[in-house]
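Data first, discussion second: the structure below is written as structure tokens.
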Amino acid sequence: MSIAAIAFPAVDPVALRLGAFTVRWYGIAYLIGFIGAYCVMRWLVRRWGIRLSDDDLLSVVLAAIVGVILGGRLGYVAFYGEGYYWQHPGQILSTWDGGMSFHGGLIGILLAGLIAARAMGIPWLTLGDLGAVGAPIGLFFGRIANFINDELWGRATTAPWGVVFPGAGTLPRHPSQIYEALLEGVVLFVVLLWMATRSSHPPRGVIVGWFLTLYGVFRIFVEFFRQPDVQIGFLSGGFTMGQLLSVPVVAVGIAVVIWSHRRGLPEEGRSAQ
């Protein structure tokens, strides 16, 4: 008895070729994500009355790019490399070979935000709230790029929407990249945008707290449908590395939300301390 499945839409991972120079959809996804985040942050800065110039925001985005790339790569090396990259240090920065880690990128962007916030004299959590609303845009396009790249596919399934990925054999699999794009991208963006616009001065830190909480919950849920990384597989108890790393993200997010509501400090610009 054959299993109904959806054929993988074979989209070339390379969007543009100019001789030896290539532009990949994954790179375009990063670019769109950062541009989208900048536009959302710029709009919120004006809505919340925060005294940040366009040049300030551009500096923040540039710092975020460095934090995401370095943190994401080093996080992948530490969490998923199983010691391989310590034996081959020359390949640590080869982002095209092995991939990136969201959790490492999260640490990197938080550290970059801390440095940028201090340089500009703005509370760190205020900057975090701004970035948290725009971040799901990049998550959405990043997961779509994962789908196009035929990577990070889901576990085998008999569901009628299962997709036969060329790199994963002949069995239909959950399109877990699409699940993540919808939850971590669309749903998370809608929720955080609603929180950011229902009040002209939301409590400082509450949005970044909810970002961490909801992302962690969504990631833990989707990991039940996503094929674990081949070099690690399942951890003890049947859990995955993605789920293990997401548990502290949820815990920190809940703690930040509680702290923010108790403190009740509004987003009111550089003078807010």
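All values below were derived from every heavy atom in this structure, side-chain atoms included, with hydrogens, water molecules and symmetry-related copies excluded. For the single chain, residues carry numbers from 1 onward in sequence order.
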Point to revise | Side chain proximity check, Glu180 to Leu139, heavy atoms < 4.5 angstrom | key: no
Check your understanding: Roughly how far apart are Ile207 CD1 and Leu125 CG, rounded to 0.5 Å?
Key -> 11.0 Å
Check your understanding: Hey, are the side chains of Met120 and Ser59 touching, using non-hydrogen atoms and a 4.5 Å cut-off?
Key -> yes
Review point. Out of curiosity, Phe211 CZ to Leu188 CG, how far, rounded to the nearest 0.5 Å?
Key: 6.0 Å
Practice item. Looking only at non-hydrogen atoms, find the nearest pair between Ile137 and Ile32 and report the distance. Key: CG2-O, 4.3 Å
Practice item. Report yes if the side chains of Val14 and Val23 come closer than 4.5 Å at any heavy-atom pair, otherwise no. Key: no
**Study point:** Atom pair OG (Ser246) and OH (Tyr215), whose distance is rounded to the nearest 0.5 Å
**Key:** 5.5 Å
Review point. Any idea how Phe147 and Phe165 line up, ring-wise: parallel (<30°), tilted (30 to 60°), or perpendicular (>60°)?
Key: perpendicular
Check your understanding: Rounded to the nearest 0.5 Å, how far does CZ of Arg143 lie from CG of Leu183?
Key -> 11.5 Å
Review point. Does atom CZ of Phe225 have more than 12 heavy-atom neighbours, drawn from other residues, nucleotides or ligands, at distances under 6.0 Å?
Key: yes
Practice item. State whether the side chain of Gln177 and the backbone N or O of Ala145 hold a donor-acceptor pair below 3.5 Å, judged by distance alone. Key: no
Practice item. Could you grab the distance from atom CG of Leu130 to atom CD1 of Ile122, nearest 0.5 Å is fine? Key: 6.0 Å
Practice item. Kindly say whether Gly167 contributes a backbone atom to a donor-acceptor pair with the side chain of Asp150 at under 3.5 angstrom? Key: yes
**Study point:** Contact check, side chains of Leu58 and Asp54, non-hydrogen atoms, under 4.5 Å
**Key:** no
Exercise for review: For Ser260 and Gly209, indicate whether the former's side chain and the latter's backbone hold a donor-acceptor pair under 3.5 Å.
Suggested key: no
Review point. If only atom types and distance count, is the side chain of Gln243 paired as donor or acceptor with the main-chain N or O of Thr240 below 3.5 Å?
Key: yes
**Study point:** Polar contact flag, side-chain donor to acceptor under 3.5 angstrom, Asp129-Thr126
**Key:** no
Point to revise | Val206/His261 under side-chain contact (heavy atoms from CB on, under 4.5 Å): CA gap, chis, key distance, verdict | key: CA-CA 7 Å; Val206 71; His261 280 295; 3.5 Å; yes
Review point. Above 12 or not: heavy atoms from other molecules or residues under 6.0 Å from CZ of Arg262?
Key: no
Exercise for review: Look at the side chain of Trp25 and the backbone N and O of Asp12, then say whether any donor-acceptor pair between them is shorter than 3.5 Å.
Suggested key: yes
Exercise for review: Could you tell me which non-hydrogen atom of Ala112 sits nearest to which non-hydrogen atom of Ala63, and how far apart they are?
Suggested key: CB-O, 3.3 Å
Exercise for review: Might you point out which heavy atoms bring Pro136 and Ala132 nearest each other, and give the distance in Å?
Suggested key: CD-O, 3.1 Å
**Study point:** Under 3.5 Å donor-acceptor, Arg155 side chain and Arg226 backbone
**Key:** yes
Exercise for review: I would like to know whether Val164 and Leu171 meet side-chain contact (heavy atoms from CB on, under 4.5 Å); could you show each step before the answer?
Suggested key: CA-CA 6 Å; Val164 179; Leu171 291 177; over 6 Å; no
Review point. Does the side-chain contact (heavy atoms from CB on, under 4.5 Å) test come out yes or no for Ile144 and Ile178, once each step is laid out?
Key: CA-CA 7 Å; Ile144 296 298; Ile178 304 301; 3.9 Å; yes
Check your understanding: Is there side-chain contact between His103 and Val249, with at least one heavy-atom pair below 4.5 Å?
Key -> yes
Point to revise | Side chain proximity check, Pro203 to Arg263, heavy atoms < 4.5 angstrom | key: no
Check your understanding: side-chain contact (heavy atoms from CB on, under 4.5 Å) between Glu184 and Phe140: does it pass, once the steps are laid out?
Key -> CA-CA 7 Å; Glu184 302 165 8; Phe140 173 81; over 6 Å; no
Practice item. Determine whether Leu62 and Val45 fall in the same hydrophobic cluster, where Ile, Leu, Val, Met, Phe, Trp and Tyr are linked whenever their side-chain heavy atoms lie under 4.5 Å apart. Key: yes
Exercise for review: Working to the nearest 0.5 Å, report the span between CG of Leu114 and CG of Leu110.
Suggested key: 9.0 Å
Practice item. State yes or no: do Val40 and Ile35 share one hydrophobic cluster built from I, L, V, M, F, W and Y residues joined by side-chain heavy-atom distances below 4.5 Å, directly or via other members? Key: no
Check your understanding: Are the side chain of Ser176 and the backbone of Tyr179 linked by a donor-acceptor contact shorter than 3.5 Å?
Key -> no
Point to revise | Check: Ile254 main-chain N/O paired with Thr213 side-chain donor or acceptor under 3.5 Å | key: yes
Point to revise | Main-chain N/O of Asn146 paired to Asn149 side chain as donor or acceptor, under 3.5 Å | key: no
Point to revise | Sidechain-backbone polar pair: Trp48 side chain, Ala196 backbone, donor-acceptor under 3.5 Å | key: yes
Check your understanding: Should Leu70 and Leu31 be counted in the same cluster of Ile, Leu, Val, Met, Phe, Trp and Tyr side chains packed under 4.5 Å apart?
Key -> no
Check your understanding: Do Val186 and Met195 share a hydrophobic cluster, counting only Ile, Leu, Val, Met, Phe, Trp and Tyr and linking them when any side-chain heavy atoms are less than 4.5 Å apart?
Key -> yes
Check your understanding: Looking only at side chains, do Gln227 and Arg173 share a donor and an acceptor under 3.5 Å apart?
Key -> yes
Check your understanding: Do the non-hydrogen side-chain atoms of Thr197 and Trp43 ever get within less than 4.5 Å of each other?
Key -> yes
Exercise for review: Report yes if some heavy atom in the side chain of Pro175 is under 4.5 Å from a heavy atom in the side chain of Trp161; otherwise report no.
Suggested key: yes
**Study point:** Ring-ring centroid check Tyr26 Tyr30, cutoff 6.0 Å
**Key:** yes
Practice item. Search all heavy atoms of Ile148 against all heavy atoms of Phe8 and return the closest pair with its distance. Key: O-CZ, 3.8 Å
Check your understanding: Same hydrophobic cluster for Met41 and Ile115, using side-chain heavy-atom links shorter than 4.5 Å among ILVMFWY?
Key -> no
